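All of these numbers come straight from a predicted model, not from anything done at the bench. Residue numbers start from 1 in every chain, and the chains themselves are labelled A, B, ... in the order their sequence lines are given, proteins ahead of strands.
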Amino acid sequence: MSQTDQVSPNARKAGRYLYIATVVFLCAWVLVPLYLLFVNALSSAEAVNSFPKSALPEFDLGSLSFFAKFQGILDALKNSLIVATMTMVMSIAIGAPAGYALSRFEFRGKATFRLLILMTRAFPLPLLALPLAIMFIRTGLDDTALGLAFVHTTLAVPFAVLITFSLFSGIPLELEEAAWTLGCTRLTAFTKVVLPLILPGITASAIFAFVISWNEVFAAAVLTIENRTLTAFLLQNLDTTAIHLKFAGGFILVLPALIFIFAVRKYLFAMWGIANR
Amino acid sequence: MAEIQIKNVEKWFGSYQALKSIDLTISDQEFMVLLGASGCGKTTLLRIIAGLETASQGEVWINDRRIDHLAPKDRGIAMVFQNYAVFPHLTVFENIGFGLRMQRRPNHEVKARVERNAELMHIEQLLGRYSGELSGGQRQRVAVARALAMEPDVILMDEPLSNLDALLRLEMRAELKGVLAESKTTAIYVTHDQVEAMSLADRISVMHQGRIIQAADPLSVYRDPAERFVGSFIGNPPMNFLPATPEGGGKWRVAGQSYAGPKTDHTALDFAIRPEDLQPSAAGLAAVVKVVEPLGAHVLVTCAIDGQMFRAVLDSDTKLAAGETITLQPNADRIRWFDPQSQVLVR
């Protein structure tokens, strides 16, 4: 038999401890900052600045309600929503057909194309920011929601392509073929069979694009001045505000993204090739 | 009325030729089975008829209409897929009625035809269910009912029973035969299972390496294989072969025995006999018994003649043990001869 079967009980036990420790560490890595953010955002200014801290939040809404009244925040929120919605629509409009083509057709350079899609994420945004800003100013796209949405779409499209590719691949070609033999054209087979099956996944992919745009701060800060999105607005203003307000601002930013990602987690697993559960 | 004519159809996948000059006529209401091992081109041929694949060359006609340039939906065909392809987002009723809805048939007609075909396939109590709530056998019934509801000229089936367990396969096989005979539809059925082919077909087309080797009724295919390949592919256990040398005057020497064969000037032939056409006898081919397998109805004896594997299916009362020598007499009417070079039947 293979030698791997003959691991001593001690080594197996040690391996198991290491495994548990890693899991705990990774969970803590993600959860502790979230927890601190949560506690501090819901505490009064005094509690945030005092020491020792309480482990439980006071559920003081002072900081958060201050934010609601903050000058310009509602406009920034509105801008964020507009840009994120545009990003969502554009990345699905571009990404889903590409995902369908990748899953259904064989064509020259398919593997390269898939790699190139990922490669678009290899260029750091700061590198592109200056040329983009100049180009946008020349074309008049600077400081507009549409211009920013273009940049965010560029960031979100690779994910939209990969997610929809895996979704389309999960739908057997035979279903489409059956529809063709039963009187459908390529288009009606798509709308009557593929689309209803894929709609939940498309929704998830759209939400993911929305979150990417919602969270993006660098391009938003560089390319907008008057029409800032929430992230850019907070980045600009929180620098100079008190720490309890920083916590509240962070909380406002994190919460929607967290909820969205949690809602679509199953499809994100699918994207990386982990079986749906 | 639906007669299908396939004229000189070829299919290339890049530099690989999947189908080589296929000519085949299937008459109205005929049940034609395309039989062959995987990769022989049988599914490709079926998909070309369905319009899911385009032929590189050649023509397909249904009645007096050339259809090879038409979309699948305009060919008057319906297809049953190996994995059923029952739409998971629709109920059984909507699945069976899918094609009729696409044709914009009135509601009452859809309802009547769905119910009639569901009854035919014994799934009338499942009409409200989704495919996720059905067993494999039930899904298969839905797929067949959906194809029949179209009332097509031709029904195409791609290994429809291969995903069912053995018992269900037997049951569905008999049922399919009855239902299709009733519907008077021309049927083309692809399978790699020779028993399925024998039991269902009016005619079998045996395919091998992109060619149709023989297209004939099941018994002819079994008794008079056109090529050595057909004899060894059809029948379980397959045909036995032994080399033969001419003795002159139509006599051939096979393992030390003399048998009457074709009067040809071949320098060698292959002698062929089915395992069930052998009888233990005082004279005949001397064989050393290697394995004895009692199968209830009969006993399967694997032996060696001149170092060649040779099988016989004998009466179950035959008492034999490994290592013994027996003499087997072939039924003279059932001996066949093949050319060892071209592999074709020599009469």
Side-chain angles (χ1 to χ4, degrees), chain A residues 92 96 99-113 163-207 264 266-267 269-270 275-277, chain B residues 13-14 43 46-47 49-53 67 70-91 94-105 110 130-132 139 142-160 163:
Chain A
I92 292 305
Y100 183 80
L102 273 177
S103 101
R104 287 290 189 259
F105 302 113
E106 287 303 322
F107 51 88
R108 199 186 293 262
K110 184 169 164 175
T112 320
F113 181 65
I163 297 175
T164 52
F165 163 67
S166 102
L167 290 169
F168 284 124
S169 301
I171 295 183
L173 183 59
E174 279 195 341
L175 287 183
E176 271 183 272
E177 290 180 341
W180 299 340
T181 62
L182 290 167
C184 286
T185 59
R186 247 191 197 272
L187 183 69
T188 50
F190 185 84
T191 56
K192 290 212 179 281
V193 174
V194 179
L195 203 59
L197 291 172
I198 208 169
L199 212 54
I202 292 276
T203 314
S205 169
I207 288 175
V264 302
K266 160 171 138 184
Y267 297 96
F269 284 140
N276 277 358
R277 265 170 235 183
Chain B
F13 291 109
T43 296
L46 189 79
R47 289 170 61 86
I49 299 168
L52 299 173
E53 203 88 67
I67 56 147
L70 299 176
K73 69 184 177 67
D74 302 320
R75 295 188 175 203
I77 53 115
M79 187 153 167
V80 179
F81 291 82
Q82 184 172 8
N83 300 322
Y84 323 133
V86 173
F87 303 128
H89 62 298
L90 299 176
T91 61
E94 286 304 327
N95 261 286
I96 300 175
F98 188 88
L100 305 173
R101 295 250 192 253
M102 290 309 297
Q103 295 173 349
R104 304 190 185 285
R105 305 263 176 182
V110 174
Y130 287 91
S131 99
R139 273 179 224 179
V142 175
V144 175
R146 183 174 68 182
L148 288 173
M150 297 288 286
E151 294 174 9
D153 294 332
V154 184
I155 186 162
L156 307 171
M157 287 172 277
D158 185 8
E159 310 229 6
N163 284 357

Query raised in the report: With E177(A), which residues qualify under side chain to side chain donor-acceptor pair (under 3.5 Å), at least two apart?
Result: R47(B)

Report summary line: Turns out that what part of L197(A) lies under 4.5 Å from chain B's heavy atoms comes down to side chain

Query raised in the report: If you look only at pairs with a residue in residues 187-199 of chain A, which of them pass as a side-chain hydrogen bond (donor to acceptor under 3.5 Å, both in side chains), with sequence neighbours excluded?
Result: T185(A)-T188(A)

**Report entry** Whether F98(B) and F87(B) hold their rings parallel, tilted or perpendicular, with breakpoints at 30° and 60°
**Finding:** tilted

Requested in this report: Against chain A, label V86(B) side chain, backbone, both or neither, depending on which of its atoms sit under 4.5 Å from a heavy atom there.
Outcome: backbone

**Report entry** M150(B) portion near chain A, given a 4.5 angstrom heavy-atom threshold
**Finding:** side chain

Report summary line: In short, P72(B) meets L52(B) closest at the heavy-atom pair CG-CD2, 4.2 Å

Query raised in the report: Of the listed residues (R146(B), R75(B), Q103(B), M79(B)), which shares the most heavy-atom pairs with chain A below a 4.5 Å separation?
Result: R146(B)

